[in-house]
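This report concerns only the one structure given below.
As the structure is a prediction and not an experimental result, all values here were calculated from the model. Labels below follow one simple rule: chain letters A, B, ... track the order of the sequence lines, proteins then strands, and each chain is numbered from 1.
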Amino acid sequence: MGDRIILDGGMGTMLQARGLKPGDHPEIYGMEHPEIVEEIHRKYIEAGSNVIYANTFEANGHKLKGTGHTPAEVITANIRTARRAAGDSVKVALDVGPIGELMEPLGTLTFEEAYQVYKEMVIAGEKAGADLVVFETQTDLQEVRAGVFAARENTDLPVWTTMSFEESGRTFSGTTVASMACTLDALGVDAMGVNCSLGPRQLIPIIEEMITWTDRPIIVKPNAGLPDPATGAYSIGPEEFAQQMRPYSELGVSIMGGCCGTDPEFIRNLSEVIPAPAERKGNKRHGVCAAGHMTELKGIRVIGERINPTGKKRFQQALREHDLDYIIERAIEQADAGADILDINVGLPGIDEPAMMREVVTAVQGMVSLPLQIDSSNIEAIEAGLRACNGRAIVNSVNGDEEKLKTILPIVHKYGAAVVGLTLDENGIPQTAEERVAIARRIIDAAVEIGIPKEDVLVDCLTLTISAQQEQAVETLKAIRQIHDRMGLHCVLGVSNISFGLPERIHVTENFLVQAMTCGLDLPIVNPNQKEIMDAIASFRALSGEDLSCENYIARFSQAEEAPKDPGIPSEMTIEKAILKGLKKETRELTRIQLETRPEMEVINEVLIPALDLVGEKYEKQEIFLPQLINSANAACEGFDLIKTEIAKRGGDSVSKGKIILATVQGDIHDIGKNIVKVVLENYGFQVMDLGKDVPPRTVVETAVREDIRLIGLSALMTTTVSAMKETIELLRQSGHECAVMVGGAVLTEDYAREIGADYYARDAKASADIAKEFFSK
Amino acid sequence: MEPRLTELNDNEILMYLGHRGQEVPEDLARQIEICKERVMKAARPRLVWRRVPYAGQKAENLLLPGEDIGKLLQSCREAVLFAATLGPEIDQITRKYEVVDAADALIMDACASAAIENVCNHFEEDLCREITEEGKYLTDRFSPGYGDLPLEIQKDLCRMLNASRRIGLTVSESMLMVPCKSVTAVIGIAEEPQEHRASGCEVCNLFRTCEFRKEGGTCHG
């Protein structure tokens, strides 16, 4: 197609000028009036377009629902029309816009559902004769990923992707330019860029940023300036548009067109004015990312190790009980402590690791905007994690074992990830630095051979415990120095193992960490909650110059100087008072003191619960109001959590006064009310199985039967979703499973609850705890 | 008209939290302040609107069914359709606090409700200024789901505003808006002055100690 590709301009406004009413489906209109669409295509081709976008933007199964037309039918008709206009000299793109529902965790659309919607479109498009597929006007990187995989796995069409950004450099859903470019570059799309959004002038900084992260061809398809909010008219004309597009050639942009407000006149001016693109220069930047956050691999980047059940009883219990909140809290904690990347390991015997990996990756990314390191030895779990991961991930890990290289590297390549290469193989861990470097070379060769760039192999030279093999610490450091100095590669290392079995481990760990960073370790895997470790890293960054003008160092430690000394707990403080005032730290500490002399259950039944009862009473009498009730529940939670940890440590059963299912019903995504109820119930010692939001009736029934749970709490916020609540109750009754149902939510009343067949109406969180107490005392 | 978000009304936040005249201890007041700051930092208010002809309960070609809207707009020949959102960042950060601290999440949710109201109120003010200059008058704002105006028109209303493309606002199958803190509404433009609803308790000086509120009622019926 030559150096410079000219695209077409707007379609919607031209159709409206020819009779399409606002709010109608342009794609169906186009199917019914092919002559109108063909004429528009011809005008663009005459004006100089080399690629035209077929009238298929919203021809997806979701948007066409209820119209009586299928995507295949609408796409086929519109591609044929484009094809007729294009002949053989001009290319036809299957144009694919956003599905129109937001994806998890903001909305309810899952990756798999998005994939299926796009799959249907791309298959129809290829069959009808499209030359390529372009995903455009996208705002969610995850939705783009679903599209790219749908096209890759089901067609041979080249894939172009453009997203829409605001002037802030983010899309509506928070995807950054760097994250988009880095992720899609690694996935190997054929071209990428920006469409719609703003006018040409406003998009320049966005493209300047984008080209630093990719060497793929770049697409720019802006609007005709900015719209007038009241009338919708755009601000610049064809000549000015073309003039404003000129700087893009100098930046090396090779594919240009227009979006909203542009017509064939704009394209004619563009094709007359735009010269061949300049050559792109400069090295591509290198990083891993979440949709909303880039971790550039440059300087020290901390990988948090805390999401890992190995040797952690409480974490194992959370995995077994499917307590995702516990895991998410570990993610938030590490992010707040300064982790740049989070390692995710959910391997535990008896757990469906691929399913759990998918769930944890999705849940963590919904809360914490950090890139992830998928840590597993199970190939299905690795793939499940990579597929779910929105952004660019790291795989932990491969090693020099041929078999591992053969199975894992292709997955790493397919998903555009980076990979940790452990310098060991089927014969174990070599004892010398030289042998470890030799294995690293083997891994790199294998990676490069299948198309993974060598800088994406992050070499792990392995830490051995000095209390067992003291001479090995030096070998590890030597190997790091060689990998860093001679090969110029990134080094990753789990450091804490160095001090295993020693007293006051932190001193050895910290010292080893500093030595390793001096040798070239840049991706330490550590516990970011350990202050000494993060202090050492902050100091190292100040000394290496990475922390410019020591700004972060000063910010970190000047704060420490100002912080007042912890006054400790005043002697008149009791657990009861602490809970009443919602004091978390104090409640925890006082619970600890109680546990020294009393058994766990006694502390729960005679201290924590009576205190909560008192709070409940005050709430009933309206002496306090909701936020205070929840603050108290949160404080009590600290006490319970301490007890749970103690019990888990000695391998005992979890505390439970009865199991309860909580779910926000299908179609409903407002679950703050349900989450409040959960906190309160848990604090009364009930074990809550939280099924989350948008829960299908079937899932509720299946869980109730499988886990033999007799009390079910359902929440719905809107009149439109109460029907799903009714349906869930009916299905529960039909199943014959003996259970009681309590319901709550903004639109429900006592009568309404009875009408839909519920056993209890819970006015608020306190009422649901009362219901549970009554139910389980029967 | 640019979206404007200004200092939130503390009473409105307390009202959303179910406050009925209880004393607000100092540490709770501080907690609310912190939550308010988080919400103000995370909010990315956006709005989109169109002025369209109105006749026979149709705003352009969008049918607005129900007696209530019919009555409200009875003397109007034009209407403004609008949608506003605080953006997905608020949903994300509230969800994070649901895990970390449910009370903070609850308070942030209330702050966010006050914030989207704040954006809508400013839009109304700005619009009112423009319309007044033309010698015309605005009706109250009316949203799908109020009275007998069905929630189901939400989807078409958003489509007419191109809301997903313009401000990132989508409507789910069950008519819920995503991002959550969003509002869609219709405002009529009339040739003669319009009656307006009484303002809520949150603007009253007696809010915190009002005896009516303690009983769950209001002084204006």
Side-chain angles (χ1 to χ4, degrees), chain A residues 21-23 65 97-98 100-102 105-108 137 139 164 166 168 171-174 196 227 229-232 260 325 328-329 332 366-369 581-582 584 622-631 633-634 666-672 675-676 678-679 717-721 724 764, chain B residues 1 14 17-25 27-28 31-32 44 46-51 60-62 80 87-89 91-92 94-96 98-103 105-107 109-110 130 145 151-152 156 159-160 162 164-176 178-180 214:
Chain A
K21 295 204 181 66
K65 203 174 277 174
E101 276 227 24
L102 293 192
L106 279 175
T108 57
T137 329
T139 57
S164 293
E166 295 191 288
S168 63
T171 66
F172 288 141
S173 78
C196 205
T231 62
C260 304
D325 282 356
I328 290 166
E329 274 183 85
I332 294 172
M367 302 283 179
V368 174
S369 195
K581 291 188 120 183
K584 294 185 187 179
Q622 293 196 15
E623 286 171 27
I624 59 171
F625 68 125
L626 190 57
Q628 291 165 295
L629 176 78
I630 306 304
N631 275 333
N634 274 337
Q666 188 158 41
D668 211 321
I669 46 176
H670 296 121
D671 62 348
I672 186 162
N675 292 335
I676 299 281
K678 179 182 172 187
V679 170
L717 188 87
M718 313 278 277
T719 44
T720 43
T721 51
D764 56 18
Chain B
M1 260 172 264
L14 287 175
L17 288 170
H19 181 257
R20 288 273 174 78
Q22 293 91 340
E23 181 206 347
V24 180
D27 30 1
L28 180 61
Q31 191 179 10
I32 293 174
R44 305 272 180 282
R46 300 182 182 103
L47 64 85
V48 57
W49 60 286
R50 280 181 62 201
R51 187 169 170 175
E60 204 167 69
N61 57 349
L62 174 70
V80 166
E89 291 83 0
D91 294 5
Q92 205 164 359
T94 309
R95 218 174 35 242
K96 172 177 157 185
E98 279 172 34
V99 176
V100 178
D101 187 316
L106 181 79
I107 296 168
D109 188 66
E130 261 191 41
L151 203 57
E152 283 70 19
D156 291 326
R159 192 180 311 150
M160 285 185 64
N162 205 358
S164 73
R165 197 150 169 173
R166 298 282 300 278
I167 60 170
L169 171 62
T170 65
V171 181
S172 80
E173 294 272 301
S174 46
M175 300 299 150
L176 294 172
V178 188
C180 292
K214 280 184 195 171

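- Within the 4.5 angstrom heavy-atom criterion, only side-chain atoms of A:Lys65, from C-beta onward, approach chain B.
- With rounding to the nearest 0.5 angstrom, the CG atom of A:Leu626 is 4.5 Å from the CG atom of B:Leu106.
- Ranked by heavy-atom pairs under 4.5 Å with chain A, the list B:Ser164, B:Ser172, B:Gly18, B:Gly145 is led by B:Ser172.
- Between chain A and the residues B:Arg46, B:Glu60, B:Arg166, the most heavy-atom pairs under 4.5 angstrom are made by B:Arg46.
- Neither the backbone nor the side chain of B:Arg44 comes within less than 4.5 Å of any heavy atom of chain A.
- Applying the side chain to side chain donor-acceptor pair (under 3.5 Å) test to B:Asp101 and every residue at least two apart in sequence or in another chain returns A:Lys584, A:Asn634.
- Remark: side-chain polar atoms of B:Arg95 are paired, donor with acceptor, to backbone N or O of A:Gly366 under 3.5 angstrom.
- Proximity to chain A is limited to the side chain of B:Leu28, based on heavy atoms less than 4.5 angstrom apart.
- Checked against side chain to side chain donor-acceptor pair (under 3.5 Å), A:Asp668 has the following partners two or more places apart in sequence or in another chain: A:Thr721.
- In terms of heavy-atom pairs under 4.5 Å with chain A, the best-connected choice from B:Ile107, B:Asp109, B:Asp156, B:Asp91 is B:Asp109.
- Using a 4.5 Å cut-off between heavy atoms, B:Glu98 contacts chain A through its side chain alone, with no backbone atom that close.
- Annotation: maximal heavy-atom pairing with chain A below 4.5 Å, among B:Thr170, B:Val178, B:Val99, occurs at B:Val99.
- Proximity to chain A (any heavy atom under 4.5 Å) is restricted, for B:Glu152, to the side chain, taken from C-beta onward.
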